[in-house]
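What you see below is based on every heavy atom in this structure, not just the backbone, and it leaves out hydrogens, waters and symmetry mates.
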Amino acid sequence: MNRNIRLGQLLSPFGIGQLVNFPNDETLMVCGLDAWDEMVEHRIQNAGIDHIDLSEFEIREPRLEQLLGVSRFRKPFPYRESSRQNSRLTIPGVRFPQWHYCIRCGVMRQIELNRQENPRCSSGDCRGRLIPVRFVAVCPQGHIQDVPFLDWVHPDGIDDQEHILTYSAGKGSGDLSSIVIECSCGTRRSLAGIMNEGTLDDISTCSGHRPWLGPIGIRQPQSCDNSLRVVIKGGSNVHYAHIKSALYLPQTGDTTPELVQRIIEREESTLRSFYELDNDGRALKLFLQNQPEVKSGHLQIDDLLQHVIDFIESDDGNTEFEINSDFDIRIQEYEYLNVGRDSENSDFKAIIKEFSDSEEGDFLSGFFEHVVLIEKLRETRVFAGFSRLNSEDGRSLRSRINDLSIDEKDWLPAHVVYGEGIFIKFNDQKIDEWLLTANANIGELIMRYHQEQAGRVEEYEHRDISPAFILLHTFAHLLINRLCYNCGYGSSSLRERLYYSSSEDNRMNGILIYTSSGDSEGSMGGLVRQGREANFYKLVKEIIEDARWCSADPVCMDVGSTTGQGPDSLNGAACHNCAIVPETSCEEFNRLLDRSTLIGTYSAPQTGFFNE
């Protein structure tokens, strides 16, 4: 049976708690971390402990470990039919929604979560195939449950007799009114209006179910009395993955061999402990002799020992930096990117390109300070929970992580992306000058965002957002679209990473555009070449022209400059025809965008960043 998912998709869009539609009308929900551990234990019992080596899947990223409160990360298991180690490891799932109906007679039945074989109809001699209904009920706190069809058909209450429901899709226009649920008692009702907000309030409230945790997630529900909202099971608002990510930043010198760097990063705390045991390095040497890189002959023990001692005695590894938020990670990366690192010995190589005295260079230097060509890049992406209905639900990071398992775990699912990118540092002085003349409508857009967030998040603290953030974000989207057009990249193969802060102590004004395909190591250099001065000059010119005209103008510009558009009206002049990118490429779920930040409005073109 074909139930294949790419490993990179097991974080987003098919992370824990998400519904995955497979061929032959089968829908499964990805299980929580307890089931992942149970899968490993089951394979150990069947194949023996010698055939399971979890170190193959482990990923280390100290800054993310500190932020998320875990000790390590683990890649999703790749399935191998036959292998000496780690064979037949699968990602566990449960059948959800549980309501199914027969494609022949329409009889509805709730299927067990852990049922292995595809269900068949047991009504008489039918034996027709049962397929899941198209609808589920979700609440803003991340819970999900079956639609209460019995209560929907019997809004005045249900008697004690047996009730068997029948699902009929009808042959009408295909809207909800053509779908009818009929009970064996003779009562029937169409699904017209069932997806409207508040429709179920008089029938049922949230039961606090977490089926991704298995049957216990339903038997032991969380306390919740939020309103339920019926949604299509394949809708994008069923599951918003919350991904925490960090770029790899080498902590060793430029000349340190890559294998030595890996050992230091993997065992840094242990190496320091052995170093402090004695002064002659005997304990440290004994520990290093057992490293696989030494045993395989790829490293000489004396050379490795000297590199490790040099690292410990230097200041490279002693720059302790407390990580309490995403901002702490971003400020580290921002400083690192603006310094660069021209080294072939690690998974990070960044070369700063200053602008020349040519016509192209003079134009670019008026808006940007420099471009950094990142020929080698490694990003660790961690699944840290999810939300439903809205990307932000007001829950804390710790609360989302706790909902991924019944028992507290010291690991989270993650995967590593290798690739390349270009980092663009904007001119701080130019931005300060532009902020004095920026269109007032942008401030209204930011105010709408804060009001919307305050309505969803208790004790909401205003984010650091100004017109400069809208400018950087919109430029990043137009750059992604232009790169896809010029270089032939798929629209979802590029990703943005925004570096913004108006703080005087930690000022940031930069964007990183990089390849984001997790199943291959990088690309062939096409993205980096676009960062060279002549190519970048052409790119910027094309982006400005792209911003000047949208195929939906003048409606796009006029609506964006007045009431706003897009989700919760949190976009200005930005729509699917001009500035929207795939949600997997955007950090802000395609919100906080406005082309007028680049080129101004029709009535006030001088308010644009690129108009002088």
Side-chain angles (χ1 to χ4, degrees), residues 366-368 390-392 424 426-428 430-456 460 462-482 485 491 496 498 500 502 509 511 539-583 585-612:
F367 305 104
F368 312 100
N390 297 295
S391 58
E392 291 294 338
I424 302 161
F426 279 69
N427 188 309
D428 293 345
K430 172 64 177 177
I431 284 184
D432 290 337
E433 295 172 356
W434 171 73
L435 286 173
L436 299 176
T437 61
N439 196 311
N441 293 331
I442 304 172
E444 296 174 4
L445 170 62
I446 296 171
M447 186 179 301
R448 288 198 299 271
Y449 173 81
H450 289 313
Q451 291 173 346
E452 184 267 342
Q453 289 296 95
R456 291 177 178 169
Y460 169 68
H462 280 209
R463 283 180 59 188
D464 182 12
I465 297 178
S466 78
F469 177 87
I470 311 294
L471 165 68
L472 267 61
H473 191 202
T474 309
F475 185 87
H477 277 224
L478 294 173
L479 178 56
I480 288 175
N481 286 334
R482 178 47 59 176
Y485 183 80
S491 59
E496 71 180 4
L498 306 176
Y500 173 77
S502 62
N509 286 303
I511 62 172
L539 268 178
V540 173
K541 285 289 190 178
E542 291 172 333
I543 287 171
I544 295 172
E545 289 305 310
D546 291 341
R548 291 191 192 282
W549 183 251
C550 166
S551 60
D553 278 339
V555 175
C556 179
M557 182 65 76
D558 291 343
V559 172
S561 300
T562 53
T563 61
Q565 58 183 324
D568 300 307
S569 298
L570 294 181
N571 282 332
C575 69
H576 284 279
N577 298 309
C578 55
I580 301 298
V581 299
E583 285 198 359
S585 300
C586 176
E587 293 191 313
E588 298 291 336
F589 297 98
N590 277 315
R591 301 176 303 177
L592 300 173
L593 299 164
D594 194 336
R595 288 183 292 123
S596 70
T597 56
L598 279 74
I599 47 88
T601 61
Y602 294 145
S603 59
Q606 71 278 5
T607 60
F609 181 76
F610 291 100
N611 285 335
E612 297 181 346

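To the nearest 0.5 Å, atom CG of residue Asp432 and atom CG of residue Asn427 are 9.0 Å apart. With rounding to the nearest 0.5 Å, the separation of OG1 in Thr597 from CD1 in Ile470 is 7.5 Å. Rounded to the nearest 0.5 angstrom, Leu539 CG and Ile544 CD1 are separated by 11.0 Å. Distance CG/Asn509 to CG/Asp428: 5.0 Å, rounded to 0.5 Å. Here the NE2-CD distance, from His450 to Gln453, works out to 9.0 Å after rounding to the nearest 0.5 Å. Taking CD of Glu542 as the reference point, atom CG of Leu478 lies at 12.0 Å (rounded to 0.5 Å).
Taking each heavy atom of Asn577 and Cys550 in turn, the nearest pair found is CB-SG, 3.6 Å. Here the closest heavy-atom approach between residue Cys586 and residue Val581 is recorded as CB-CG2, 3.9 Å. Contact between Pro467 and Leu435 at its shortest, heavy atoms only, is CB-CD2, 3.9 Å. Between Arg548 and Ile599, the shortest heavy-atom contact is CG-CG2, 3.9 Å. When all heavy atoms of Ala574 and Leu593 are compared, the closest pair comes out as CB-CB, 3.5 Å. Pairing each heavy atom of His462 with each of Tyr460, the nearest pair is CD2-CE2, 3.5 Å.
Side-chain contact, Thr474 with Asp594: no donor N or O sits under 3.5 Å from an acceptor N or O.
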What's the verdict on salt bridge (charged side-chain N to carboxylate O under 4.0 Å, His left out) for Arg595 and Asp553, showing C-alpha distance, side-chain angles and the deciding distance?
CA-CA 11 Å; Arg595 288 183 292 123; Asp553 278 339; 3.0 Å; yes

Decide side-chain contact (heavy atoms from CB on, under 4.5 Å) for Leu471 and Phe609; before the verdict, give the C-alpha distance in whole Å, the side-chain angles of both, and the deciding distance to 0.1 Å.
CA-CA 8 Å; Leu471 165 68; Phe609 181 76; 3.6 Å; yes

Tell me, with the steps shown, if Ile543 and Phe610 meet side-chain contact (heavy atoms from CB on, under 4.5 Å).
CA-CA 10 Å; Ile543 287 171; Phe610 291 100; 5.9 Å; no

Glu433/Lys430 under salt bridge (charged side-chain N to carboxylate O under 4.0 Å, His left out): CA gap, chis, key distance, verdict:
CA-CA 5 Å; Glu433 295 172 356; Lys430 172 64 177 177; 5.1 Å; no

side-chain contact (heavy atoms from CB on, under 4.5 Å) assessment of His473 paired with Tyr500
CA-CA 10 Å; His473 191 202; Tyr500 173 77; over 6 Å; no

Between Asp568 and Arg456, is a side-chain contact (heavy atoms from CB on, under 4.5 Å) present by the stated rule, with each step listed?
CA-CA 12 Å; Asp568 300 307; Arg456 291 177 178 169; 3.2 Å; yes

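Between the side chain of Glu583 and the main chain of Asn590, no donor-acceptor pair closer than 3.5 Å is present. One N or O on the side chain of Gln565 and one on the backbone of Cys556 form a donor-acceptor pair closer than 3.5 Å.
With sequence neighbours excluded, no residue forms a salt bridge (charged side-chain N to carboxylate O under 4.0 Å, His left out) with Glu496. With sequence neighbours excluded, the residues forming a ring-ring contact (aromatic ring centres under 6.0 Å, His included) with Phe368 are Phe426, Phe475, Phe536, listed by chain and number.
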For residues 438-448, tabulate all N or O donor-acceptor pairs below 3.5 Å that involve a side-chain atom, not counting sequence neighbours.
| from | atom 1 | to | atom 2 | distance (Å) |
| --- | --- | --- | --- | --- |
| Asn439 | OD1 | Asn441 | N | 2.9 |
| Asn439 | OD1 | Asn441 | ND2 | 3.3 |
| Asn441 | ND2 | Ser561 | O | 2.9 |
| Arg448 | NE | Ser569 | O | 2.9 |
| Arg448 | NH2 | Ser569 | O | 3.2 |

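Taking the side chain as every heavy atom from C-beta outward, Ile580 and Asn571 approach each other to under 4.5 Å. Counting only heavy atoms from C-beta outward, the side chains of Phe469 and Glu588 approach each other to under 4.5 Å.
More than 12 heavy atoms of other residues, nucleotides or ligands shown are found within 6.0 angstrom of OH on Tyr602.
Salt bridge absent: Arg591 and Glu392 never bring a charged side-chain N and a carboxylate O closer than 4.0 Å.
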